[in-house]
Each structure stands twice: as structure tokens, then as C-alpha cells.
Amino acid sequence: MSTTHSRTAGKAMISPAVILLFLWMIVPLAMTLYFSFQFYNLLDPVKSFAGFANYEYFLTDPAFFEALGNTLIIVIGVLCITVIGGTLLALLLDQPMFGQGIVRLLFIAPFFVMPTVSALVWKNMFMNPTNGLFAFLSKLVGSTPIDWLGHHPLASIVMIVSWQWLPFATLILLTAMQSLDSEQIEAAEMDGASALSRFFHIIVPHLARAGTVVILIQTIFLLSIFAEILVTTAGGPGYASTNIPYLVYMQSLLQFDVGGGSAGGIVAVILANIVAIFLMRLVGKNLDL
Amino acid sequence: MGSITLKQVAKRFGDTEVIPPLDLSIEDGEFVVFVGPSGCGKSTLLRLIAGLEDVSDGVIEIDGKNATDLPPAKRGLAMVFQSYALYPHMSVRKNIAFPLKMAGMDQAAIDAKVNGAAATLNLGDYIDRRPGQLSGGQRQRVAIGRAIVREPSAFLFDEPLSNLDAALRGNMRLEISELHQTLATTMVYVTHDQVEAMTMADKIVVLRAGHIEQVGSPLDLYREPANLFVAGFIGSPAMNIIAGPAAEAYGAPTIGVRPEHMELSHDEGTWRGVVGVSEHLGSDTFLRVDVEGVGTLTARAGGEFPARHGDTVGLTPDPERMHRFDANGLRIAG
């Protein structure tokens with residue numbers, strides 16, 4: 001498969017798939033880019049060129065900075081909880097115990113629950129200030145129930161999303177942990193390393209690559225958290241739990257401002273790329289790319 | 001410093017008894033080799049001494065003190081693993097320094113010791129590389145370096161040479177023997193290769209299914225194997241085991257004759273047979289000879305012995321150096 005002839009044939013063969021994928025990506029992006037330079041409101045049939053007005057409007061909106069902050073808090077908060085919690089859980093699940101298969105399955109279950117469903121379960125069954133489980137527990141010890149979604153909307157969102165993504169991190173880190181050569185742990189034991197130093201000197205470095213994969217994949221999904229916000233707080237109170245994707249949604253579908261929404265979308269794409277470059281610099285070296 | 005005594009030590013995994021109660025004493029400064037076929041419990045025995053497995057019964061004493069329940073690090077032993085078990089994310093220097101760092105030694109003392117070990121083992125060229133960038137032999141040396149910096153009272157080796165190619169294995173065998181001469185520390189070495197056992201050991205422990213079959217110096221085992229198993233295991237090529245009428249002619253149910261203890265000739269011999277395969281090594285010639293009524297025998301001849309497939313040769317065993325075994329496979333003295 002390495003003659004010039006066969007290589008040309010190979011390129012011709014894969015080109016339909018590549019062209020399809022390219023169009024799939026470039027057409028929506030180009031249309032969004034086009035709309036972002038138009039005054040285009042669904043309530044007003046007349047479209048006209050807007051220049052950078054949509055961008056100026058979106059970027060100077062105080063809600064934008066709040067949403068940007070919220071997006072970063074959600075991403076960083078969930079990453080911290082899932083990576084640290086996932087490592088500890090993986091450590092726990094790696095121990096030989098009775099019913100290991102079932103326990104592992106139970107831990108992975110939340111990942112298979114749809115975001116809207118799990119957010120509703122959390123909203124109505126756990127966080128509801130009158131009927132929720134947390135309220136019940138508060139009353140049990142005699143304290144006032146907390147109105148989670150009303151008073152701590154962002155923390156609640158972070159909690160719900162962490163619950164969903166913890167199994168993913170645990171699963172990846174657990175498989176990484178199982179690939180650690182047991183002789184390395186034994187050698188460290190012979191070398192006089194305590195359980196804690198074995199963890200930090202042997203296990204954590206071994207998990208670095210898997211951890212990088214977890215961080216990169218989760219960041220992609222966490223930047224675009226939407227369903228959980230829609231069904232629990234609807235971005236509120238005020239803009240307290242609005243992130244960038246939710247702000248774009250409000251702009252284009254609640255205020256019918258397609259032009260402004262598109263500008264927001266382009267801003268989100270640029271932000272995601274900045275985060276991606278930053279992350280690749282920071283942790284990508286672990287991947288040996 | 002460095003004597004190890006096992007008293008009635010046994011190991012069970014669930015209901016399976018891997019090692020039935022056994023006694024063994026290893027003197028200070030000795031090079032002891034545990035040898036046996038795979039699955040005979042030799043690695044388990046080593047891991048029991050290291051403390052990586054808990055003993056089910058019995059007492060392990062190190063330097064006369066009961067060490068049965070001590071954690072591995074407190075036993076003053078260092079181990080070299082089959083897979084080397086180097087820490088892949090640390091440089092060679094950090095690998096070797098790791099046990100010292102864990103012992104809380106200060107940086108200057110660590111540097112001095114690491115440099116000393118590096119000089120002993122010639123690690124200087126690759127001290128700042130990672131294990132992944134080293135060859136098998138270099139990794140082996142680093143693993144030994146990591147063991148010697150701790151100045152243990154005994155070294156434990158778990159089949160350390162089995163991942164190396166033949167030439168390198170020969171070199172490392174010499175290096176480990178020289179290291180033993182220099183350090184004069186007790187070494188316990190596990191292998192399935194009887195050549196390693198014969199060449200390196202002061203004392204060989206032959207194991208089968210967790211039982212100690214025989215303990216002795218290499219030449220003791222070669223000259224007076226206690227039973228058929230040891231007779232067949234020690235020596236290369238393996239001893240010829242002959243049963244039936246041919247053996248009864250020498251007054252035992254089973255006899256053993258080493259290939260090197262038979263006289264070969266083209267004309268005459270006690271046993272006459274046809275050469276199947278002849279291996280000419282230059283210094284020696286090994287012949288596989290089919291003898292009717294006796295079986296296939298291996299015989300050693302001088303390097304220049306002319307014999308080819310299909311030739312008829314005569315074999316005459318040396319009755320003085322013949323091993324006689326009773327019906328239970330035990331050696332008949334005398």
C-alpha cells in the first residue's frame with residue numbers, strides 16, 4: 001500500500017467521507033458567521049448588515065461576563081470534584097471485595113441517566129426545600145432546609161453535573177489503575193514507601209495520562225452544559241446560573257435575536273478554542289502526542 | 001548480618017497448600033539458589049521471605065530475630081523483580097534514590113550513595129534517562145542499583161535474568177556473582193534455569209511442588225542426587241534414566257548415567273545403538289543414541305568424534321559414576 005498509484009487511489013477513495021465531514025462542520029459554522037454580521041430577528045422579517053454591532057452588544061452585556069464566569073466555575077468545579085473524587089473511588093473499587101461486579105455497575109449507572117432526567121430527579125427529589133431528601137435530613141437534625149436551587153444555584157448545578165460525570169472519571173481512572181504493574185507497588189513497598197507515598201509517587205504518576213484524557217474529554221462536554229440548567233434553574237435567579245451556551249439560547253430563542261445569538265455562538269467557539277489551547281499546553285504533554 | 005531461618009513455614013491459598021511446612025536455614029553471606037520447574041513454589045517462598053505474602057504457619061527469622069509479622073520494608077531485605085519494576089516516570093537517578101528518600105535521608109547523603117552505586121554498576125552514561133529509554137540489561141542494572149543503595153542484610157532475586165537474551169544473561173550472571181564477591185552479602189536467587197543455579201550458587205535448594213527435594217552445594221547435587229527428580233533436573237544435558245533389565249544388570253531398579261560418564265566407541269560397548277541426532281558444538285559432541293531395550297540415551301563425546309545420523313556406536317557406562325535408585329526413586333548409597 002505504498003506505491004504512488006495506490007496512495008492516489010486511497011486518497012480518492014476516502015475523499016467522499018472527508019468532504020462530507022468537512023461540509024458538516026463548515027456549513028453551520030459559515031452560516032453562523034454570516035448571521036452574526038446581520039441584524040436578524042425572527043419577529044422582524046427584514047434582514048440587514050450589522051457589522052460588529054451584534055458582537056459589541058453581546059460582549060458588552062453584563063450578563064456575558066457573569067455567564068463567562070459561571071461557565072468557568074462549572075468546568076473547573078466539576079473537573080476538580082470528578083478527578084479527585086474519581087481517583088479516590090477508583091482506589092476504593094480497585095480493592096478486592098465481595099460483590100465487586102455489582103458495586104462497579106452501580107457506580108457507573110449515573111452515567112447512563114439522561115441529563116434532563118437526572119437534573120429533574122435532583123431538583124424534585126433531593127433539592128426541593130419542602131419535599132426533598134436534603135430538606136428531610138436538615139429537619140431531622142433540626143436545622144432550616146436550604147433552598148438549594150434558589151440560594152446556591154451554581155453550586156447545585158456543579159453538584160448535579162459532577163454526579164453525572166463522576167462515573168466516567170472513575171471508570172477511566174480505574175482501568176488505568178488496574179494496568180499498573182503490581183510488582184511496582186511491591187517494589188515500592190520493599191523500598192519502604194508508606195501507603196501514602198506509594199499513592200503519590202507511584203499511582204498518581206501512573207494515572208497522569210488517563211487523567212489527562214478525562215480532563216480533556218470532560219472539558220469539551222462541560223463547556224456546553226445546557227439541559228441541566230434548563231430544567232432546574234432556567235439560568236436564574238437573574239443570571240446566577242447562566243453559562244455561555246444558555247446565554248446564546250436565551251438570545252436567539254427567547255428573544256428571537258438570531259444575529260445576536262450567532263455572535264454569541266462565535267464567541268463561544270473562540271473561547272472553547274482558547275481553553276483547548278490552554279489545556280493542551282498544560283496537560284497535553286502527558287499524552288506524548 | 002543476613003542469616004535467614006525458616007521454621008515449619010507453610011503457605012496456603014484458600015484450601016490449596018502451595019508450600020507444605022518446611023525448614024531451611026540460610027547462612028550469612030551465602031549465595032542460595034532456589035531452583036525447580038515452574039509452579040514449584042520457589043517464587044512464593046521468596047515472597048514469603050520478602051514479606052510480600054503472609055505466611056500461613058511457621059516462623060521466619062532474619063538475623064535471629066522473628067520477622068514473621070514485620071512489613072517488607074522493616075526486614076532489611078532488598079528485592080530485584082523479574083520485570084525489574086522500575087518506576088517509569090522517574091529518571092534512573094531518582095529510581096535509585098527512591099528507597100533512600102523514603103527512609104528520610106538528607107539530599108547530600110542520597111547523592112553520595114547514588115553516585116557510589118552508579119560507579120559500581122557503570123550507570124554513569126544513562127543516569128538521567130528514564131527506564132523506557134534503556135535496554136533490558138541496563139534496566140536490570142538499575143534494578144540492582146536500587147537494591148544495593150539500601151545496604152540490605154540480604155538480596156532477593158526473583159528470576160532476574162529470564163527477560164534477557166542468552167549472551168547478556170551470561171554476562172549478568174558473572175556480574176551478579178562478582179557483586180556477591182564484592183559485597184559478601186547474603187543473596188537468595190530464584191530461577192528455573194539449572195545452569196544459573198550450578199554456576200552461581202554456594203548452596204542450591206531444589207524444590208518440587210513446594211517440597212524441598214535436596215539442599216546442597218552444586219557439586220554435591222551433581223555427584224550425589226538424592227532422588228530421581230534431582231538427578232534429572234541438575235546437569236546439562238540431563239542424566240539418562242534407565243529402568244528395566246538393563247538397570248537390573250547393575251543391581252538396581254533404576255539407574256542414572258550422565259552423558260559425560262559414558263565411553264563412546266565405534267566398535268564395541270555394553271549398549272549398542274544407532275545415532276539419531278548428533279549435535280556438534282565444537283568443544284563437545286552430543287549424540288542421541290537409540291539403544292534397543294534401553295531407550296534413547298544422550299551421550300557426550302569429544303568435539304572431534306566422527307558420528308553421523310544412522311551410524312552404529314557402542315556405549316559403555318562407567319559403573320563407578322553410575323547412580324542407583326530404588327523403587328521409590330531414592331538414591332541407593334554406595
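Just so we're on the same page: letters track the sequence lines, and every chain starts at 1.
Under a 3.5 Å cut-off, the side chain of B:Ser153 and the backbone N or O of B:Gly76 do form a donor-acceptor pair.
The environment of CE in A:Met97 is crowded: more than 12 heavy-atom neighbours from other residues, nucleotides or ligands sit within 6.0 Å.
No salt bridge links A:Asp191 with B:Lys101; every basic N to acidic carboxylate O contact stays at or beyond 4.0 Å. Of the charged side-chain nitrogens involved, at least one lies within less than 4.0 Å of a carboxylate oxygen, so that B:Arg141 and B:Glu175 count as a salt-bridged pair.
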Assess the residue pair A:Phe134 and A:Trp122 against the criterion (side-chain contact (heavy atoms from CB on, under 4.5 Å)); give the C-alpha distance rounded to whole Å, side-chain angles, the decisive distance to 0.1 Å, and a yes or no. CA-CA 10 Å; A:Phe134 294 159; A:Trp122 275 84; 3.9 Å; yes
Go through the steps to decide whether B:Leu161 and B:Ile176 satisfy the test side-chain contact (heavy atoms from CB on, under 4.5 Å), and finish with yes or no. CA-CA 10 Å; B:Leu161 306 186; B:Ile176 293 176; 4.2 Å; yes
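Within residues 157-184 of chain A, the residues having any heavy atom closer than 4.5 Å to a heavy atom of chain B are A:Asp181, A:Glu183, A:Gln184, listed by residue number.
Ring orientation note: the planes of A:His201 and B:Phe98 are nearly perpendicular, at an angle over 60° on the 30°/60° scale.
Your options are B:Pro88, B:Ala85, B:Pro99, B:Ala73, and the one with the most heavy-atom pairs under 4.5 Å with chain A is B:Pro99.
Contacts of B:Ala78 with chain A are made by backbone atoms alone, with heavy-atom separations under 4.5 Å and no side-chain atom involved. Neither the backbone nor the side chain of B:Arg75 comes within less than 4.5 Å of any heavy atom in chain A. Neither the backbone nor the side chain of B:Leu100 comes within less than 4.5 Å of any heavy atom of chain A.
The minimum heavy-atom distance linking B:Ala147 with B:Pro152 is given by the pair O-CD, 3.5 Å.
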